[in-house]
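Positions are given from 1, in the same order as the sequence printed here.
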Amino acid sequence: MPSIARRDRLESLGAAGFLPVLFANLVPLVGVVRLGWDPATLAAVYAVEAVVSVPLAGATALFAARPPPEDRDSGVISVGESPLASKRGAVRPVAWLPPVYPRNVPFAAAVCGATAWLGLFVGVAFSQVFDVSALLASPEVLASALALVAGQAVDTAGDYFGRERYAETSPYAVVETPARRGFFLVFALFALPSLHAAAGGVAVLAGVVAVKLVVEWSAFRATHGDDGSAGGRLTGWLSGPSEAAADPDPIEVPDAEPDAEIPVHRRAAVATAVLRTLTGVAPAYATGFFIVWIAAFGLFVGDASGTVVVWSAVAVASLYLAALAVNVAGFALAHAPIEYRRYGDRLVAYDAWLDEPQWAASVDRLRGVSVLHTRFPDRAFDARTVELTAGVGDDERERVVGPVADGERLVSAFDLPVRSTSLPAMDRRIAAFAVAVGVAVTGGAVALIAGPWGDPGTTVQVGFLLPFLVWPTRFLWRQAYVEPE
């Protein structure tokens with residue numbers, strides 16, 4: 001059930017609020033009917049609008065004030081277990097805009113990834129049927145696409161910001177609706193040229209416009225106070241979710257100087273973020289990006305030209321590097337600004353950049369404390385990281401404290417039951433062997449792909465096997481850490 005505030009907003013806005021979107025969507029159809037535009041122009045306009053509207057939603061998601069729901073398994077957009085998703089606090093870059101919430105950054109980044117994938121699929125598929133460069137340079141396409149995007153921008157400015165809908169919206173709800181709409185419309189547009197060739201009439205084009213308007217209307221109803229369910233299952237799904245999690249209980253911090261204050265070792269935290277990404281996320285992302293790239297050609301392309309292959313590969317590689325950079329930044333921003341403060345019998349993890357406490361626990365209820373000995377950056381920067389269990393019952397959480405520059409001071413300041421913060425020496429022979437295996441695997445993969453004996457089949461096999469090729473190196477490196485006594 002929509003809230004009273006949302007129902008009141010829908011009643012006050014009325015169907016008149018949909019008029020900018022309606023008129024913008026009718027512009028391409030008028031061009032085909034009255035001005036003699038080619039149907040390819042209509043397909044290009046809707047494709048460009050579907051792709052461009054998604055990052056617009058990603059930008060607006062940064063301002064969503066409600067936390068994202070925990071259950072997001074059925075969504076199109078996925079942020080995984082990003083440490084930023086549970087971040088408290090906000091920053092206000094300029095006075096005339098609402099605050100930006102760091103916890104929304106993973107959703108905005110995921111939307112940008114979805115945009116790139118949509119653009120890749122559309123570009124590869126359309127390049128086999130149309131002259132994409134000529135279409136994108138056409139004044140009709142640019143003007144119509146601009147009108148569609150402007151219609152959405154007017155609606156966003158008037159309702160999302162003007163009526164402060166951001167205050168009761170989660171970032172997940174903001175990004176899911178345009179993402180679902182974009183994927184649906186892009187795949188529907190692939191049938192437009194063949195349908196027009198078969199039917200040869202404006203009726204087919206009018207039908208496509210009607211379907212798009214139904215999708216736009218259901219999304220409008222969902223984002224302006226209704227749930228879109230009255231239009232059926234399809235429009236209900238296209239409308240996306242509208243729920244949000246309850247605001248977390250505030251963390252009370254005494255208005256006094258802390259008894260102890262220990263900041264995170266920021267260089268060690270950033271190095272940990274980089275190493276975690278390169279050894280864990282990078283191989284899995286590489287296979288995923290490679291599969292989607294191959295799928296784009298396998299599903300929509302016969303014999304792709306060399307230009308299409310090269311530019312699509314550049315786009316995928318750029319997207320891959322951007323995804324890795326976002327992963328590194330997310331972990332670093334979640335941990336690097338933290339200061340661990342003691343107020344009486346309480347441990348408070350405080351974000352010094354956001355000026356916001358992140359979590360708190362009673363010092364008397366810290367248990368299962370142990371020093372993490374498997375973080376190489378801690379050894380490189382002589383830092384220490386501690387894992388522990390904090391709280392009891394519903395408040396029980398597994399926490400990681402650190403890395404900090406002085407492990408002994410951390411243990412002393414919070415009365416942690418740790419006998420020693422010394423790290424046992426690594427087995428250098430096993431570590432050297434792990435590095436040799438890693439170099440051999442990397443060199444062999446590059447040689448198989450780039451060597452004179454390489455072929456597309458070998459490249460595909462290496463792409464699929466990459467995570468499994470990395471696993472032996474990670475396993476051997478893990479064995480080099482000697483368990484503490």
Q: In the structure I gave you, are the side-chain heavy atoms of W359 and L347 within less than 4.5 Å of one another anywhere?
A: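 Yes. Closest side-chain heavy atoms under 4.5 Å.
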Q: More than 12 heavy atoms of other residues, nucleotides or ligands under 6.0 Å from CZ of R92: yes or no?
A: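 Count over threshold, so yes.
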Q: Ion pair present between E387 and R375, side-chain N to carboxylate O less than 4.0 angstrom?
A: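 Judged by the 4.0 Å cut-off on N to carboxylate O distance, E387 and R375 do not form a salt bridge.
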Q: If I take atom CZ from residue R379 and atom OG1 from residue T374, how far apart are they, to the nearest 0.5 angstrom?
A: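 It comes to 8.5 Å.
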Q: Identify, with sequence neighbours excluded, every residue that meets side chain to side chain contact (heavy atoms under 4.5 Å, CB included) alongside A440.
A: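 Scan of A440 (side chain to side chain contact (heavy atoms under 4.5 Å, CB included), adjacent residues dropped) gives none.
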Q: Do D345 side-chain atoms and V363 backbone N/O form a donor-acceptor pair below 3.5 Å?
A: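 A pair under 3.5 Å: no.
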Q: Using side-chain heavy atoms (C-beta onward) and a distance below 4.5 Å, is W477 in contact with M426?
A: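 Yes, close enough: below the 4.5 Å cut-off.
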Q: Tell me the closest heavy-atom pair linking A269 and V264, and the distance in Å.
A: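 Closest approach of A269 to V264, heavy atoms only: CB-CG1, 3.9 Å.
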Q: Compare every heavy atom of P106 with every heavy atom of R103, then report the nearest pair and how far apart it is.
A: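 R103 and P106 have their closest heavy atoms at O-CD, 3.4 Å.
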Q: Please work out which of the three classes, parallel, tilted or perpendicular, describes the rings of Y166 and F161, given edges at 30° and 60°.
A: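 Plane angle between 30° and 60°, so tilted.
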Q: Measuring only between side-chain heavy atoms, which start at C-beta, is V105 closer than 4.5 Å to K87?
A: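 Answer no - side chains too far apart.
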Q: Can you check side chain to side chain contact (heavy atoms under 4.5 Å, CB included) on V371 and T385, steps first, answer last?
A: CA-CA 6 Å; V371 177; T385 303; over 6 Å; no
Q: For residues 398-411, tabulate all N or O donor-acceptor pairs below 3.5 Å that involve a side-chain atom, not counting sequence neighbours.
A:
from, atom 1, to, atom 2, distance (Å)
E398, OE1, T389, OG1, 3.1
E398, OE2, T389, OG1, 3.0
D406, OD1, E408, N, 3.2
D406, OD1, R409, N, 3.1
E408, OE2, T421, OG1, 2.8
R409, NH2, E261, O, 2.9

Q: Could you give the distance from NE2 (H335) to CG (L84), rounded to the nearest 0.5 Å?
A: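 CG of L84 is found 8.5 Å from NE2 of H335.
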Q: Mind listing the closest non-hydrogen atom pair of P337 and D351 along with its distance?
A: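 Closest heavy-atom pair between P337 and D351: CB-OD1, 3.5 Å.
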Q: Has the side chain of R342 got a donor or acceptor atom that lies under 3.5 Å from a matching backbone atom of A413?
A: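 Present.
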Q: For E339, give me all partners under side-chain hydrogen bond (donor to acceptor under 3.5 Å, both in side chains), at least two apart in sequence or on another chain.
A: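 Only R341 meet the side-chain hydrogen bond (donor to acceptor under 3.5 Å, both in side chains) criterion with E339.
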Q: Are the side chain of Q358 and the backbone of R88 linked by a donor-acceptor contact shorter than 3.5 Å?
A: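 Yes, Q358 side chain to R88 backbone: donor-acceptor pair under 3.5 Å.
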Q: Please give me the minimum heavy-atom distance between A57 and V175, naming the atom from each residue.
A: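 It is O-CG1, 4.2 Å.
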Q: To the nearest 0.5 Å, what is the distance between CG on D378 and NE2 on H265?
A: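 Between D378 CG and H265 NE2, I get 9.0 Å after rounding to 0.5 Å.
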Q: Taking all heavy atoms of A332 and all of V270, pick out the closest pair and write down the distance.
A: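 It is CB-CG2, 4.2 Å.
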Q: Where does the angle between the aromatic ring planes of F475 and W471 fall among parallel (under 30°), tilted (30 to 60°) and perpendicular (over 60°)?
A: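 Aromatic pair F475/W471 classed parallel.
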Q: Side chain of R384, backbone of S422: donor and acceptor closer than 3.5 Å?
A: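 No; zero donor-acceptor contacts below 3.5 Å.
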Q: Side chain to side chain contact (heavy atoms under 4.5 Å, CB included) between Y481 and D427: does it pass, once the steps are laid out?
A: CA-CA 6 Å; Y481 291 106; D427 190 320; over 6 Å; no
Q: How close do A64 and Y101 get, heavy atom to heavy atom, and via which atoms?
A: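 Minimum heavy-atom separation between A64 and Y101: O-CD1, 3.5 Å.
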Q: Start with the C-alpha gap between I262 and F414, add the side-chain angles, then the distance that decides, and say whether side chain to side chain contact (heavy atoms under 4.5 Å, CB included) holds.
A: CA-CA 10 Å; I262 302 177; F414 299 103; 4.1 Å; yes
Q: Taking the side chain as C-beta and beyond, is there a heavy-atom pair between F63 and V100 under 4.5 Å?
A: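 Heavy-atom side-chain distance check passes, below 4.5 Å.
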Q: Begin from the C-alpha positions of R346 and E252 and carry the test salt bridge (charged side-chain N to carboxylate O under 4.0 Å, His left out) through to its verdict.
A: CA-CA 11 Å; R346 300 186 72 203; E252 300 295 336; over 6 Å; no
Q: What distance do R266 atom CZ and F381 atom CZ have between them, rounded to the nearest 0.5 Å?
A: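 Between atom CZ of R266 and atom CZ of F381 there are 14.0 Å.
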Q: Quick one: are W353 and L333 in side-chain contact, heavy atoms under 4.5 Å?
A: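 With C-beta onward as the side chain, the pair touches.
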